[in-house]
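Working notes, beginning with the structure itself.
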Amino acid sequence: MAVSFNELVYTLVRAIPYGRVLSYGRVADLLGVPHGARAVGWALHNLGGTEPTVPWHRVVNVRGRVSIKGSPEAAMEQRLRLESEGVEFGEDDTLDMRRYLWTPTLAEVEEILRAAHGSADGGDAM
DNA sequence: CAATTGACTTGAT
DNA sequence: TATCAAGCCAATT
């Protein structure tokens, strides 16, 4: 059975370092889906915010702002968790992406996925 | 298989 | 700078 896309999302989110954040679009891009931002958001939505093994709070939108809808409490919890990790929000409720955005190399991401699922897509034939 | 939805992103007005 | 619309992907029904 192939690994579901959302599982890949969870794996990568779990690899986000403390005090760092990632945008939905960046997660999708690192997973090999440049325009899969919505799919990433959908995957995290499926967590229901009840999954302590996934630091879902470290994923914000490209503007550096909490993007949760339908659950103001979850959004505030996300912000509180980030602040607890040293992330500072501006007066526009936005954080400085240039400072907190995690920018791993593609090799790092592939290594993480391989360690968790045994093999990344690694679609290139040799 | 087609239609709908959603924690997104980008470009135009 | 703010608001609106279209594009995009994966999962659900």
Side-chain angles (χ1 to χ4, degrees):
Chain A
M1 165 185 175
V3 181
S4 298
F5 186 79
N6 70 17
E7 289 294 330
L8 295 176
V9 173
Y10 303 151
T11 299
L12 183 57
V13 172
R14 266 184 280 239
I16 302 175
Y18 182 96
R20 291 288 193 205
V21 300
L22 222 53
S23 66
Y24 299 93
R26 191 58 62 100
V27 172
D29 185 37
L30 292 172
L31 292 178
V33 186
H35 298 277
R38 307 205 63 172
V40 174
W42 194 89
L44 295 178
H45 163 72
N46 270 297
L47 287 175
T50 61
E51 188 56 68
T53 66
V54 178
W56 52 271
H57 59 272
R58 292 180 187 150
V59 183
V60 296
N61 65 21
V62 73
R63 293 184 59 192
R65 200 175 190 186
V66 173
S67 185
I68 298 176
K69 304 174 183 175
S71 294
E73 290 185 40
M76 172 145 47
E77 182 178 334
Q78 178 172 11
R79 174 170 175 162
L80 291 175
R81 286 190 181 211
L82 288 173
E83 289 181 328
S84 180
E85 296 188 354
V87 177
E88 299 176 31
F89 284 79
E91 296 183 8
D92 292 327
D93 296 316
T94 61
L95 57 84
D96 190 344
M97 293 298 282
R98 296 172 302 177
R99 179 178 177 183
Y100 299 109
L101 183 65
W102 181 44
T103 57
T105 64
L106 196 55
E108 285 287 332
V109 175
E110 289 183 12
E111 176 65 18
I112 291 163
L113 296 178
R114 184 173 68 81
H117 298 289
S119 65
D121 35 62
D124 65 332
M126 50 180 131

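Chain naming here is simple, since letters A, B, ... match the order of the sequence lines and numbering starts at 1 in each.
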| note | From CG of A:Asp29 across to P of B:dT10 the rounded distance in Å is 10 Å

| request: Could you tell me which nucleotide pairs with C:dT12 by Watson-Crick or G-U wobble geometry, both distances under 3.5 Å, or answer none if nothing does? | output: B:dA3

| request: Please report, rounded to the nearest Å, how far the C1' atom of C:dC8 is from the CG atom of A:Leu31. | output: 15 Å

| Which part of the nucleic acid does A:Ser23 contact within heavy-atom distance under 4.0 Å: base, sugar-phosphate only, or nothing? | sugar-phosphate

| Rounded to whole angstrom units, what separation is found between the NE2 atom of A:His35 and the P atom of C:dA6? | 18 Å

| task | Mind calculating the distance between CG (A:Asn6) and P (B:dA7) to the nearest angstrom? | result | 15 Å

| field | Atom-to-atom span, CG of A:Leu44 to P of C:dC9 - whole angstrom | value | 18 Å

| query | Quick one: CZ on A:Arg63 to CG on A:Asp93, what's the gap to the nearest 0.5 Å? | reply | 10.5 Å

| task | Could you check which residues of residues 93-100 of chain A get a heavy atom under 4.0 Å from DNA chain B? Sort them by number, please. | result | none

| query | How many Å lie between CD1 on A:Ile16 and P on B:dA7, as a whole number? | reply | 18 Å

| field | Aromatic A:Tyr24 / basic A:Arg38 pairing, under 6.0 angstrom, 45° off normal | value | no

| message | According to a hydrophobic-cluster definition based on side-chain heavy atoms being under 4.5 Å apart (Ile, Leu, Val, Met, Phe, Trp, Tyr only), do A:Leu82 and A:Ile68 belong together? | response | yes

| said: If I take atom CD from residue A:Glu108 and atom CD from residue A:Glu111, how far apart are they, to the nearest 0.5 angstrom? | reply: 7.5 Å

| field | Rounded distance in Å - CG (A:Asn61) to C1' (B:dT10) | value | 13 Å

Identify the pairs formed between an N or O of the protein and an N or O of nucleotides 3-6 of chain B at a distance under 3.5 Å, and give each distance.
unit_1	atom_1	unit_2	atom_2	d
B:dG6	N9	A:Arg38	NH2	3.3
B:dG6	N7	A:Arg38	NH2	3.0
B:dG6	N2	A:Arg38	O	3.4

| said: To check you understand the geometry: which heavy-atom pair defines the closest contact between A:Pro34 and A:Gly32, and what is its length? | reply: CD-O, 3.4 Å

| request: Could you state the atom-to-atom distance from CZ of A:Arg65 to P of B:dT9 in whole Å? | output: 13 Å

| query | When all nucleic acid strands are considered with a 4.0 Å heavy-atom cut-off, which category describes A:Tyr24: base, sugar-phosphate, or nothing? | reply | base

| Linking I/L/V/M/F/W/Y whenever any side-chain heavy atoms sit under 4.5 Å apart, do A:Val62 and A:Val9 land together? | no

| task | With the side chain of A:Val33 defined as its heavy atoms from C-beta on, choose the nearest nucleotide among B:dA7, B:dT9, C:dC9. | result | C:dC9

| task | First locate atom CH2 of A:Trp56, then atom CD of A:Glu77, and finally report the distance between them rounded to the nearest 0.5 Å. | result | 4.5 Å

| message | Tell me whether A:Tyr100 shares a hydrophobic cluster with A:Val13, the cluster being built from Ile, Leu, Val, Met, Phe, Trp, Tyr side chains joined at under 4.5 Å. | response | yes

| task | Report the distance from atom CG of A:Asp96 to atom CD of A:Glu88, rounding to the nearest 0.5 Å. | result | 10.0 Å

